[in-house]
**Student:** 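This is the structure I have questions about; it appears just below.
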Amino acid sequence: MKPLSLYLHFPFCRRKCSYCDFNSHVPQEGEQEAYLVALRREIEARAPRARGHMVETVYLGGGTPTVYAVEQLAEVLNFLRLHFAFRKNGLEARPTGTEGERSLEITCEANPGTVDAAYLRALREAGVNRLSLGVQSFRDDELRLLGRVHSAEEASQAARAAREAGFGNLSLDLIAGLPGQTGVAWEESLRQALALAPEHLSCYGLSLPPGTPLAAAVERGELTPLDEDTSAALWVRTHGVLTGAAYDHYEVSNFARPGYPCRHNLTYWHNGEYLGFGVSAASYCEGCRSVNVAEVNEYTRRTAAGESVVAESECLPPSARLGETMMLALRLAEGADLAALRSTFGDVEMARLEPRAQEMQEAGLLEISDNRWRPTLRGMMLNNRLAGAFV
Ligand code: SF4
């Protein structure tokens with residue numbers, strides 16, 4: 001059976017963070033419940049397409065999935081199990097590179113301000129075996145600037161409670177490059193994260209999407225964003241601190257203990273097949289991409305009327321698929337496996353990319369060896385430039 005990943009989007013949050021332009025909002029009365037009904041309808045309608053596939057990873061993301069009662073998330077997971085063939089339900093955290101590598105990974109994103117020990121125990125019992133905590137910073141002044149609903153101490157407590165609840169695969173999200181952030185302040189957050197010994201760390205650079213309160217404060221001149229050199233220095237510092245603490249820098253913004261990369265996200269980077277459910281969720285199957293409508297009301301209306309919830313879809317020709325596959329693969333330290341790509345796309349298509357690979361090698365962004373194209377460290381840092389050469 002072909003491997004498949006499932007993503008479920010929960011578009012609700014307790015409060016909107018100051019930098020956030022994700023599809024999420026504070027729910028109105030009854031909206032959360034109506035959305036769950038709609039989600040079940042979409043799952044039911046689309047599951048028959050997945051015959052012949054085996055679900056290997058599930059990701060509950062958002063928004064904040066944990067604004068739901070844990071029983072509601074458990075019901076959604078049970079509903080998925082009824083409609084899809086799941087690989088054995090790995091209640092144990094099983095790292096890659098072991099005999100359990102292909103066991104089921106079920107991740108849930110959680111906001112530290114929304115979970116306690118009892119919640120996390122129940123989540124674990126529901127089959128979630130990987131927890132991704134949105135910590136963002138271990139400094140309260142930074143958390144206030146970001147508009148987060150939790151303090152640094154609450155984030156640490158949530159991480160400890162996750163361990164007590166039996167999560168052996170814990171990921172922490174941090175955001176680097178806040179206005180005025182110094183290397184010392186950033187490293188303080190990194191060190192506090194390391195003290196909690198997570199299996200995985202995601203370190204994203206702050207972006208300032210137009211329309212967010214943080215971007216508006218920058219426009220008014222109240223805050224000064226970091227310049228490119230300072231942001232690059234933070235990225236290099238992150239690499240140094242985390243690889244020095246025995247984490248693999250396996251993707252541009254992601255670090256893991258050996259054997260603990262996020263397998264769900266590896267599906268995306270390997271250009272594997274996934275189905276996304278819920279508003280704005282993207283899917284990719286048999287070379288075709290689609291994305292769902294963004295509005296919760298429209299989504300619930302369409303599911304109730306038995307209409308498709310797809311807003312846009314496109315089936316890519318092989319040359320575009322190769323470009324995308326390359327762009328995604330070059331986000332990963334392991335890079336692109338040329339033999340596998342030749343067998344999928346053919347020698348002629350691959351030969352067309354060779355001059356660009358040479359150019360990137362000469363620019364110091366790409367390493368060509370062992371039948372692989374791998375980004376150099378500089379190539380990972382300047383990933384937009386490297387990836388852009390292949391699309
Ligand atoms: S918790 Fe996450 S999704 Fe929700 S508003 Fe904050 S950044 Fe956005």
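In listed order, ligands and their atoms are each counted from 1.
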**Student:** I want to verify a count. Protein N, O or S atoms less than 2.8 Å away from atom 4 (Fe) of ligand 1, how many are there?
**Tutor:** 1
**Student:** Within the structure, is a non-hydrogen atom of Arg148 found at a distance of less than 4.0 Å from ligand 1?
**Tutor:**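 Right, Arg148 reaches ligand 1.
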**Student:** Run the salt-bridge test on Arg263 and Glu199 with the 4.0 Å N-O cut-off and return the result as yes or no.
**Tutor:** no
**Student:** Please confirm whether Tyr250 and His200 have ring centers closer than 6.0 angstrom.
**Tutor:** yes
**Student:** Judged by modelled atom types alone, do Ser290 and Ser313 share a side-chain donor-acceptor pair under 3.5 Å?
**Tutor:**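 Result is no, nothing qualifies.
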**Student:** Just do the side-chain hydrogen bond (donor to acceptor under 3.5 Å, both in side chains) check on Arg41 and Tyr299 with the steps written out, would you?
**Tutor:** CA-CA 10 Å; Arg41 286 198 186 108; Tyr299 176 75; over 6 Å; no
**Student:** Taking Glu125 first and then Arg121, would you say they form a salt bridge - that is, a charged N and a carboxylate O separated by under 4.0 Å?
**Tutor:** no
**Student:** How about Cys315 and Cys288: are their SG atoms under 2.5 Å apart?
**Tutor:**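 Correct, these two cysteines form a disulfide.
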**Student:** Are Leu196 and Leu123 connected in the hydrophobic side-chain network, where two residues link if heavy atoms are under 4.5 Å apart?
**Tutor:**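 Result: yes, single cluster for both.
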**Student:** Provide, to 0.1 Å, the distance between atom 7 (S) of ligand 1 and the closest protein heavy atom, together with that atom's residue and name.
**Tutor:**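 Here the nearest protein heavy atom works out to Tyr19 OH, 3.3 Å.
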